[in-house]
Amino acid sequence: MLELQNVWKSYRVGALGSKKLTAVRDVSFSVSRGEVLSVVGESGSGKSTIGKMVLQLIPPTRGAVRLDGREVTARRHSDRKAYYRRVQGVFQDPFSSYNPIFKADRVFDAVRESFFPGLKRAEWQDKVDRSLTSVGLEPGAVLRKYPHQLSGGQLQRMLIARALLLDIELLVADEIISMLDASTRIDVLNLLGALKERGLGVLFVTHDLSLANYISERVIIMRHGAVVEMGATGKVFGDPRHPYSRNLLASVPQLHRKWSDAATEFEDLEPDGDREADPAPLARVGADHWVAAAA
Amino acid sequence: MALEVEDLRVHYRTLRGDVRALDGVSFGLADGEIMGLAGESGCGKTTLGKSLIRLDGRMRHVGGRAVLDGGELPIADDKAMNRRRYRDVSIIPQYSMSAMNPTRKIGKLTADLLRAKGESFRELRPELVRRLELVGLSEQVLDNYPIELSGGMKQRMVMVLSTLLDPSLLIADEVTSALDVSNQKAVAETLVRFRELGFVKSMVVVTHDLSLVYQIADSIMIMYAGRIVEKGPADTIINAPRHPYTRALIEALPEVGLEYGDRRLKSIPGKPPQLLNPPTGCRFRDRCELAHDRCIEDPPAVDLAPDHTASCWKVVD
Ligand SMILES: Nc1ncnc2c1ncn2[C@@H]1O[C@H](COP(=O)(O)OP(=O)(O)OP(=O)(O)O)[C@@H](O)[C@H]1O
Ligand SMILES: Nc1ncnc2c1ncn2[C@@H]1O[C@H](COP(=O)(O)OP(=O)(O)OP(=O)(O)O)[C@@H](O)[C@H]1O
Ligand code: SF4
Ligand SMILES: [Mg+2]
Ligand SMILES: [Mg+2]
């Protein structure tokens, strides 16, 4: 359903855009209906940038993002609206999605105006309440409040509830669980699990490798803007071939093993190089298992 | 004791009444103790951290007190707190990384901060640079814009800044939740190192990642709906918790290798009570498998060991 083909993205940074930062390098992958694809990797490796391109918040510098074979850079307002009826996103750092001077539930109003203008007040309210309840929120505790009156996890879940108001086909979920306690994380994940069984595709950006393993059939590991390893979750996590993947998995904190007990040997990694150069190509090392050549 | 908090009550004023975000919170922190603080989303962790630093306009100190190194913290008195803030108690707030002004270079941001505290950037610069190098950052970062640093670099930068004046207490509010696991590890280990080097005496590390904080914390405290339900040594809380909520929370942690298709993780059924007019008695009552008649009264905090306390009627007998 969703397909990225050789996508690159560069930002201009510094005074008057004097420097260029290439955040995403030659990334290709696809997400099918009913599939959760996890994207994990180094902080700053370009994961959110990919999510933003899929949501048409920023255009790719090169390459194509396609939904059902059609390129998604819609210019017309009506095309965009049609797109957002099918694709929604929830972003890392929930605070940035709210305007502090308006009540937090205003984020729902925009959805109503665009997509449900004809719905009766009571029906709409019922829809919102059900969506909130599905992410573990008590409507009475969160509605009619300003963003600063809600905790990080509450704000985060309101955004998930908003995305689920529409009967979407693809959800871009960028770190939607990092702000939640262990029990609420499970509620949100099992909700995604149920939605995926009904056909929802999810681009699931996360730092929690155990939960990525739990929820996704396939996974991508990123570093320095490029994919270093990808494939079936069991293969990639069970038999990581790239040294970065191995280091990452070795850092996962576990309850029955303290870091201090077993000093893990971390492998040396290639430093960040010329980001304009093509990244190391991916080679197939097994059925649905690809790895970038390590220098 | 570095910090002693007694029956602290801090509410948010709203038009519909008081939200009792901290409703009688008591605990102590020993010199050099790193305490992990966890609990459900919205239970009051950030409020507790803020209460020890700065009450915002809508927060009201309703009762109780906090004593730091033998002197009372003037929680309700913003001016008086200003002298203690940053110097004695410092905080790394939730989302501090994204709060950095993107159009100002890091060196400028630092100078602004120090000036606001009446300190001289010029005098502190050598120490700042020494500490940056200690966490693997070069002096060069002072010339960078925040966006040019990776999440892990930014977080280490914020850690150095917030402890530059060697505060006695540091509150770190979800400082690792936006980082990849390698950086989480590096940041967590840096916190320990800062204590070892005496940059900060004791710490409260607010987090949802119990398996991470377990790696570095001496003790763990669990909150639920504005109250503390259990505090004990990290090993005890993880391996032999006594409060039913703590047990349920630990059980909700995923085992490595589990898949949705094979077996479902189970969350704690139900929701926490609202903090506006919360019910009397134990707040976990509606969700607790062990709830009984007595639980409509507030459970006492029971000392199970000299450093282990749980607030539950079932641990009484
Ligand atoms: N608007 C922007 N302008 C300039 N540079 C940017 C912008 N947004 C992101 N970047 C840079 O692009 C790179 C990739 O950022 P991105 O947010 O996509 O990473 P990420 O993988 O999501 O990281 P994290 O795990 O920390 O969320 C980073 O170096 C970041 O500083
Ligand atoms: N200004 C405010 N006015 C009213 N209620 C507030 C205000 N700020 C916070 N609250 C409420 O107080 C409670 C505690 O919030 P707090 O931010 O301390 O939670 P938290 O434990 O840090 O949650 P999280 O894990 O999601 O960050 C929440 O239920 C929240 O809705
Ligand atoms: S006091 Fe009662 S309801 Fe509360 S945790 Fe203990 S047994 Fe459960
Ligand atoms: Mg990101
Ligand atoms: Mg918080």
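Below, read A as the first sequence line, B as the second, and so on, with proteins coming before strands; counting in each chain starts at 1.
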[X], [atom1] atom: more than 12 neighbouring heavy atoms under 6.0 Å:
X: A:Lys258; atom1: NZ; result: yes
X: B:Asp56; atom1: CG; result: yes
X: A:Glu276; atom1: CD; result: yes
X: B:Arg58; atom1: CZ; result: no

Given heavy-atom pairs under 4.5 angstrom as the criterion, report whether the side chain, backbone, both or neither of [X] touches chain B.
X: A:Glu217; answer: neither
X: A:Lys47; answer: neither
X: A:Phe266; answer: side chain
X: A:Leu150; answer: neither

Against chain B, work out which of [options] has the most heavy-atom pairs shorter than 4.5 Å and name it.
options: A:Lys196, A:Glu197, A:His148; result: A:His148
options: A:Gly44, A:Ala182, A:Gly41, A:Ser45; result: A:Ala182
options: A:Leu249, A:Leu180, A:Ile186; result: A:Ile186
options: A:Arg144, A:Arg185, A:Lys145; result: A:Arg185
options: A:Ser216, A:Gly193, A:Ser151, A:Ser210; result: A:Gly193

For the student: nearest non-hydrogen atoms of B:Ala178 and A:Ser43, plus distance: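 Closest approach of B:Ala178 to A:Ser43, heavy atoms only: O-OG, 4.0 Å.
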A:Ser251: which of B:Leu212, B:Val181, B:Asn183 passes side chain to side chain contact (heavy atoms under 4.5 Å, CB included): B:Val181
Pair A:Arg157, B:Ser41: side-chain N/O donor-acceptor within cut-off below 3.5 Å: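 There is such a pair (donor and acceptor under 3.5 Å, judged by atom type) between the side chains of A:Arg157 and B:Ser41.
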Any [X] side-chain heavy atom under 4.5 Å of [Y] side chain:
X: B:Leu253; Y: A:Leu255; value: yes
X: A:Ser183; Y: B:Glu40; value: no
X: A:Asn190; Y: B:Tyr260; value: yes
X: A:Asp187; Y: B:Ile268; value: no
X: B:Leu258; Y: A:Asn213; value: no
X: A:Thr133; Y: B:Lys271; value: yes

Gap separating the CG atom of A:Asp208 from the CD atom of B:Gln184, nearest 0.5 angstrom: 8.0 Å
Nearest-0.5 Å distance, CG of residue A:Asp181 to OG1 of residue B:Thr207: 11.0 Å
A:Leu248 vs B:Asp180, side chain to side chain contact (heavy atoms under 4.5 Å, CB included): CA-CA, chis, key distance, verdict: CA-CA 8 Å; A:Leu248 199 64; B:Asp180 65 72; 4.2 Å; yes
Top contributor to chain A interface from B:Gln215, B:Arg263, B:Gln274, B:Glu259 [non-hydrogen pairs under 4.5 Å]: B:Gln215
Choice from B:Glu251, B:Lys185, B:Glu189, B:Lys105 maximising heavy atom contacts with chain A below 4.5 Å: B:Lys185
Please classify the contact of [X] with chain A as side chain, backbone, both or neither, using a heavy-atom distance under 4.5 Å.
X: B:Ser182; result: both
X: B:Leu275; result: neither
X: B:Tyr214; result: both

